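Step one of this worksheet: look at the structure below.
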Amino acid sequence: MKKLMLFAAACAAGLVLTGCLSTHTNDATAEAKVCVKAPVFTADVQAGKTVVTGKANIHCLFGVICWGVSSYADNAFVSTTANVFGKIPFQLFAPPQTVVKQAATYNACAANKADVILAAKYKLDIADFFVYKKFACQVTGYPGTIKGVTK
């Protein structure tokens, strides 16, 4: 019995006194900070004189599963709600309001051969049925075509 107790104590001491130790080779160094001045570019945008519109619809089940949009303007700034998961294909974690606004912006740009929509105004209609929502968006604005970029 003493041998068993001594063996158990030795095993417990071995577990307590040994363990993993991770060392990093850059622990004693400071991080290098590099400041690079990037040139400022300005886009030369030619604005159209006629008002253009674009429409899009999206359906959403349980606020998570959404369908109805196949194309959207990826870099269009249409909401202050940021996607906290970064750039994820098919706008998986983006709010449905943002996706339908981006789709309406894309449809307006594609139909009018524009690069951007200037002074965009969004009309968003939401039909809420508790577990199912339908979002309909209409964007109006002036078409803008990028003619060049200057430094």
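In this text, all values refer to a predicted model and were calculated from it rather than measured experimentally.
- Between Asn107 and Ala56, the shortest heavy-atom distance links the atoms ND2-CB, 4.0 Å.
- Clustering ILVMFWY residues whenever any of their side-chain heavy atoms sit less than 4.5 angstrom apart, transitively, puts Val52 in a cluster other than the one holding Leu118.
- When hydrophobic clusters are built by joining Ile, Leu, Val, Met, Phe, Trp and Tyr residues whose side-chain heavy atoms come closer than 4.5 Å, directly or via intermediates, Val69 is grouped together with Ile126.
- Listed here is the closest heavy atom pair of Ile117 and Cys109: CG1-SG, 3.7 Å.
- More than 12 heavy atoms of other residues, nucleotides or ligands shown are found within 6.0 angstrom of CZ on Phe41.
- When all heavy atoms are compared, the tightest approach of Lys151 to Pro39 is CE-CB, 3.4 Å.
- Atom OG1 of Thr53 and atom CG of Asn112 lie 7.5 Å apart (nearest 0.5 Å).
- Here the straight-line distance linking atom NZ of Lys101 with atom CD1 of Ile58 works out to 13.0 Å at 0.5 Å rounding.
- The side chain to side chain contact (heavy atoms under 4.5 Å, CB included) check on Val51 picks up Thr140, Tyr142, with sequence neighbours excluded.
- Distance OG1/Thr105 to OH/Tyr122: 3.0 Å, rounded to 0.5 Å.
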Return all side-chain donor-acceptor pairs below 3.5 angstrom for residues 127-138, not counting sequence neighbours, or 'none' if the list is empty.
from	atom 1	to	atom 2	distance (Å)
Asp128	OD1	Phe130	N	3.0
Tyr132	OH	His59	ND1	2.6

